[in-house]
Each structure stands twice: as C-alpha cells, then as structure tokens.
Amino acid sequence: MIRPVVLAPVPCVHLESANSVPGLSASVFFGSSHEADPPLPIGVPVFIYASIPPHALFKPGQFSWTGTLASVVRAVASGPRSGKHPDPARRPPTAEAKDGPFLYFWEVQNLEQLATPRRLGDFKSKTSINEVPRWPVVAEADF
C-alpha cells in the first residue's frame with residue numbers, strides 16, 4: 001500500500017544526543033530553515049537520514065531512523081531565543097547548544113533506529129528523488 005511519508009536529514013550527532021537522554025526519543029524536535037512545500041503532513045511516518053559523516057551512525061544513501069511526525073512549530077520570533085525552539089528540553093542537547101537559528105521545528109515521536117535501513121530508491125515523490133534531501137520533504141513509500 002502506497003502511503004505518504006516525510007524524508008529528512010538529521011546530523012548523526014543530534015540523533016545520538018537525542019537517544020542518550022532518557023525519554024527524549026519519545027518526543028523530540030529537529031529544526032529546519034526551509035519552508036516545506038507542500039506543508040508537512042502530521043501523523044505520517046518520518047524516515048531520517050543520519051547525515052554529516054564521519055560518524056558510526058552514518059549509512060550513505062540509507063534512511064536508518066524512523067518515527068511519526070507529530071507536529072510542526074515555529075521558532076521563537078524575537079528575543080534571546082530567536083530562531084530557537086520554545087522549549088530547550090525538547091531538543092537534543094547537541095542541537096540546542098550548536099544549532100540554529102531555524103524557521104520551524106518538526107516533532108518526531110517514538111524516534112528509533114531501524115533494524116534494516118531503507119534505501120533512497122524505496123521512496124517516490126512528485127519530483128524525482130535523486131539524492132538525499134537537505135530538508136524535510138513529502139514523499140511516498142510502499143508498506
């Protein structure tokens with residue numbers, strides 16, 4: 001059955017950081033500065049490409065993490081947290097310390113590493129996916 005999904009890159013260090021904080025993998029936010037077009041569909045599976053090698057989690061051309069897209073929130077608009085998530089406790093510690101500023105944050109619930117990664121060729125979109133996306137994009141996958 002063909003279903004919509006979101007494909008997104010996340011630096012390996014942020015996945016590792018999120019996974020190291022008890023309970024954070026249940027609901028964690030990652031940032032983006034590229035407006036999604038179309039908007040990201042809430043409630044669909046998200047497949048994450050662990051990016052920025054060298055790192056033990058890096059698997060070239062493979063989406064090795066998954067979860068469910070739960071929400072999208074705008075970054076703080078002004079003040080000392082401008083471009084940051086409103087709640088720093090909902091971000092991986094490495095991301096909160098070194099990332100940003102961003103336009104919005106996308107929430108992944110039940111973040112987990114896949115036992116068997118999925119290849120880029122497993123996904124389709126209205127525009128051809130020839131390379132790993134640089135920001136969250138809507139695609140389709142056969143489940």
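Numbering of residues begins at 1 and proceeds along the displayed sequence. Worth saying up front: this structure is predicted, and the values here are computed from it rather than measured.
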Side chains of Thr68 and Pro45, heavy atoms from C-beta outward: is any pair under 4.5 Å?
no

Output for pair (Ile48 CD1, Ser64 OG), nearest 0.5 Å, gives 8.5 Å

For Ala8 and Pro136 the tightest heavy-atom approach is CB-CA, 3.9 Å

Shortest non-hydrogen pair, Val132 vs Gly61, comes out as CG2-CA, 4.3 Å

Exercise. Find out whether the Lys NZ or Arg CZ of Arg91 is both under 6.0 angstrom from the six-membered ring centre of Phe29 and within 45° of the ring's axis.
Key: no

All heavy atoms of Leu57 vs all of Cys12, minimum pair found to be CD1-O, 3.8 Å

Exercise for review: Ignoring hydrogens and angles, state whether a donor on the side chain of Glu107 or Ser27 is under 3.5 Å from an acceptor on the partner side chain.
Suggested key: yes

**Asked** Stepwise, does the side chain to side chain contact (heavy atoms under 4.5 Å, CB included) test hold for Arg90 with His85?
**Response** CA-CA 8 Å; Arg90 306 283 306 274; His85 188 275; 4.1 Å; yes

Going by heavy atoms in the side chains, are Pro92 and Val28 under 4.5 Å from each other?
yes

Exercise. Just by modelled atom types, is the Val76 backbone N or O under 3.5 Å from a matching donor or acceptor in the Lys84 side chain?
Worked result: no

Show every donor-acceptor pair shorter than 3.5 Å between a side-chain atom in residues 13-20 and any protein atom, with sequence neighbours excluded, or say none if there are none.
from, atom 1, to, atom 2, distance (Å)
His14, ND1, Thr94, OG1, 2.7
His14, ND1, Ala95, N, 3.4
His14, NE2, Asp99, OD1, 3.2
His14, NE2, Asp99, OD2, 3.1
Glu16, OE1, His55, NE2, 3.3
Ser17, OG, Thr94, N, 3.2
Ser17, OG, Thr94, OG1, 3.4
Asn19, OD1, Ser25, OG, 3.3
Ser20, OG, Ser17, O, 2.7

> Does Arg118 make a cation-pi contact with Phe143, if we ask for NZ or CZ under 6.0 Å from the ring centre and within 45° of the axis?
Replying inline: yes

Output for pair (Phe63 CZ, Leu114 CG), nearest 0.5 Å, gives 11.0 Å

Going through the distances and angles, do Val5 and Phe123 end up as a side chain to side chain contact (heavy atoms under 4.5 Å, CB included)?
-> CA-CA 9 Å; Val5 298; Phe123 304 98; 3.9 Å; yes

OG (Ser82) and CZ (Phe102) are apart, to the nearest 0.5 Å, by 13.0 Å

For Ala139 and Leu7 the tightest heavy-atom approach is CB-CD1, 3.8 Å

### Query
Would Leu69 and Trp106 satisfy side chain to side chain contact (heavy atoms under 4.5 Å, CB included), going step by step from the backbone distance to the final call?
CA-CA 7 Å; Leu69 185 67; Trp106 44 283; 3.8 Å; yes

For Ser33 and Leu103, the nearest pair of non-hydrogen atoms, with its separation, is O-CD1, 3.2 Å

CG (Asp142) and CD1 (Ile2) are apart, to the nearest 0.5 Å, by 4.0 Å

Here the gap from Phe105 atom CZ to Ser71 atom OG, rounded to the nearest 0.5 Å, amounts to 11.5 Å

Heavy atoms of Ala70 and Ile42 approach each other most closely as O-CG2, 3.1 Å

So NE2 of His34 and CZ of Arg134: to nearest 0.5 Å the spacing works out to 8.0 Å

Assess whether side chain to side chain contact (heavy atoms under 4.5 Å, CB included) is satisfied between Val137 and Val6, documenting all intermediate values. CA-CA 6 Å; Val137 299; Val6 170; over 6 Å; no

